[in-house]
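What follows is a set of notes on a single structure, which appears directly below.
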Amino acid sequence: MNTRKQTELIVALDVNSQVEMIRAIELLPVDIQWVKVGLELFCAEGPSILLPLRDRNLSVFLDLKLHDIPKTVEKAVKSASKHGVQLLTIHASGSREMIRAACVAAREFGQNGPKILAVTALTSLQDSDLKDIGVQRGMSEQVRALAQLAVDAGADGLVCSPLETALLRRELGEKPLLVTPGIRSQKDELGDQKRTLSAVDAVRAGATHLVVGRPILAAADPARAAAELLSEIRAASAS
Ligand code: C5P
C-alpha cells in the first residue's frame, strides 16, 4: 500500500510555442494542477513562457536537466528559482558537489524555491552507451548508485523510469520524491516509450508524481483522457 499523500499527475507540455501551449492547457480539465515545461518550449520562448502558467495557478516542473560546473549550476538554479517553479531537474552524474550546489541554491528561496530532482541515467541509454563513456557497471547498478549519491548530496527526489520506481522506493525509503514518466495504459500507443507501466501500477510502486504527455495531449478527447487518469490515480493513491 502507498502510505504517501496522493500522487500528482503532471501533464508534459511538449510543444514548441506559447500559442500551442495555451491551446494545450485550455484542453485540460480545471483540476489539473501540474504541468511540465521542457527544453524545447523553454528554449523557444524563454522564461516568459512560465508567466501564463503562473497566472493560471499551475504548479510547474521545469525540466532543464542542468549539468555543468557547480558554480554555474548554482547560479542557474538561482535564476530558475526566481521564476517560481516548483520542481527543477539536474543530472546526478554532474557530481556530489554539483548536486549540493543546486540544492543549497534552491533552499535559499525557502518554501518558494523548487524541489531539486536528479536524473540518474536517461532511459534512452543502454549498457553499451555507458561503456562508451567509461562506465563499466550495468544500467541498474548505475541508476542505483547515482540515485543514492543524489539523495546523499541533498536532492529532494529523482526522475526514474516506471520500472525502477519500486526498487528505488525500497532502497531510498519514503522521503524522496519519485517522478515517473513512461506511463501508458494498455490502450495507449507506446510511441517511443518502451519500458512503461500503467498509472495505477506506478502509484503502487511508490511514485509521487506521474508525468504524462501524449496519452493526454494526443488523445481524441484530452479533457476526458486527463480526467480518467486523475480518477485512476486518486483511487490508487487512496487504496
Ligand atoms: O508523451 P509521453 O507521456 O511519453 O511524455 C513523457 C514526458 O516525460 C516527455 O516530456 C519526456 O521528454 C519525458 N521523459 C521521459 N523519459 C525520461 C525522462 C523524461 O519520457 N526518462
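All ligand and atom numbering here is 1-based and tracks the order in the structure. Each residue takes its place number in the sequence, starting with 1.
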Flag the pair [X] and [Y] as a salt bridge only when some basic side-chain nitrogen lies within less than 4.0 angstrom of an acidic carboxylate oxygen.
{"X": "Asp129", "Y": "Lys131", "value": "no"}
{"X": "Arg56", "Y": "Glu26", "value": "yes"}
{"X": "Glu141", "Y": "Arg144", "value": "no"}
{"X": "Arg100", "Y": "Glu97", "value": "no"}
{"X": "Asp156", "Y": "Arg107", "value": "yes"}

Give, for atom CD1 of Ile183 and atom CG of Leu9, the distance between the pair rounded to the nearest 0.5 Å.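 Reported value, rounded in 0.5 Å steps: 9.5 Å.
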Could you give the distance from OG (Ser93) to CD1 (Ile133), rounded to the nearest 0.5 Å?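 Output value for this atom pair is 7.0 Å.
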Any N/O pair [X]/ligand 1 closer than 3.5 Å:
{"X": "Gly213", "value": "yes"}
{"X": "Arg214", "value": "yes"}
{"X": "Asp63", "value": "no"}

Per-residue contact class, Glu40 against ligand 1 - non-hydrogen pairs under 4.0 Å: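 The answer is neither; Glu40 stays 4.0 Å or more away.
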[X] heavy atoms, cut-off 4.0 Å: which ligand 1 atoms fall inside?
{"X": "Val212", "answer": "3 (O)"}
{"X": "Arg184", "answer": "1 (O), 2 (P), 3 (O), 4 (O)"}
{"X": "Val211", "answer": "7 (C), 8 (O)"}
{"X": "Pro181", "answer": "8 (O), 14 (N), 15 (C), 16 (N), 17 (C), 18 (C), 19 (C), 20 (O)"}

Closer than 4.0 angstrom: is that true for some heavy atom of Leu122 and an atom of ligand 1?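 So Leu122 does not count as touching ligand 1.
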Sub-4.0 Å heavy-atom approach of Pro215 to ligand 1: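 It does, in that a heavy atom of Pro215 comes within the 4.0 Å cut-off of ligand 1.
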